[in-house]
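Nothing here was measured: the structure is a model prediction, and the numbers come from that model. To find a chain, count down the sequence lines: A is the first, B the second, and so on, and within it residues start at 1. As a basis for the values below, the full set of heavy atoms in this structure was taken, side chains included, without hydrogen atoms, waters or symmetry mates.
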Amino acid sequence: AQSVTQLDSHVSVSEGTPVLLRCNYSSSYSPSLFWYVQHPNKGLQLLLKYTSAATLVKGINGFEAEFKKSETSFHLTKPSAHMSDAAEYFCVVSTELYNNNDMRFGAGTRLTVKP
Amino acid sequence: NAGVTQTPKFQVLKTGQSMTLQCAQDMNHNSMYWYRQDPGMGLRLIYYSASEGTTDKGEVPNGYNVSRLNKREFSLRLESAAPSQTSVYFCASSIFTGYSDYGYTFGSGTRLTVV
């Protein structure tokens, strides 16, 4: 079985300050890990993905995440928040099982960016 | 633009009414999925279709049926809508290659209210 826990339901930062969104995962197999972003009333967009290559993954819009197997974590960071980063972020764990990708979503973290 | 198209975008139903949510993708993806999104719960898988001609239940299939009409189209049917089915529904598609390094492409969602 696999699951993902996003440790904060809501994070608030000031524009220009660092962003940290925390994610811990549990998986019986070697997982792939993803971060998706959802802007209000929009679908989900892939930010970045980890698939057993480099442990530090760079994504779009200046985001990056580090896979730490010993801590079972995949935290999302950005050095300097922009107003347009305000959105909901989902951490996802995935394992190939037989004929399908079994993807499990975290509950989401809402990021607020203050001017 | 290439992607996943969902119709309708909004729908209000009365309890007991039926409806079909439509989804089509033009990326030649093998696999297609239906999720529902509820506040604080992330996305939960309703049904998926690993390939044309096959469908399988996900985490929350009760009250729903699906049809994989062809490789492009995957519809979700509510036979007798209930207020508990008020949610935002997302269709997604992916390439299944046996190696989990691909994410999903999501549609923009259908906001369904059952009164």
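Residues of residues 74-86 of chain A never come closer than 4.5 Å to chain B when only heavy atoms are counted.
Of the two parts of B/R44, neither the backbone nor the side chain holds a non-hydrogen atom closer than 4.5 Å to a non-hydrogen atom of chain A. The contact between B/Q37 and chain A is made entirely by side chain atoms (from C-beta outward), counting heavy-atom distances below 4.5 Å. Of the two parts of A/R110, neither the backbone nor the side chain holds a non-hydrogen atom closer than 4.5 Å to a non-hydrogen atom of chain B. Interface remark: A/Q38 contributes side-chain atoms only to the contact with chain B (heavy atom separation under 4.5 Å).
Under the 4.5 Å side-chain heavy-atom criterion for ILVMFWY residues, a single connected hydrophobic cluster contains both B/V60 and B/M32. Residues B/Y47 and B/F90 fall into different hydrophobic clusters, defined by Ile, Leu, Val, Met, Phe, Trp and Tyr side chains chained together at heavy-atom separations under 4.5 Å. Residues A/L111 and A/L7 do not share a hydrophobic cluster, defined by chaining ILVMFWY side chains whose heavy atoms lie under 4.5 Å apart. No single ILVMFWY cluster, assembled from side-chain heavy atoms under 4.5 Å apart, contains both B/V4 and B/L45. By the criterion of side-chain heavy atoms lying less than 4.5 angstrom apart, applied directly or through intervening Ile, Leu, Val, Met, Phe, Trp or Tyr residues, B/Y35 is not grouped with B/V66; the two fall into different hydrophobic clusters.
Here the side chains of B/Y104 and A/F34 are not in contact, with every heavy-atom distance at 4.5 Å or above.
The two residues B/G40 and A/A107 come nearest to each other via the heavy atoms O-CB, 3.4 Å.
Considering CZ of A/R104 and CG of B/L43, their distance stands at 12.5 Å, rounded to 0.5 Å. The distance from the OH atom of A/Y36 to the CZ atom of B/F106 is 5.0 Å, given to the nearest 0.5 Å.
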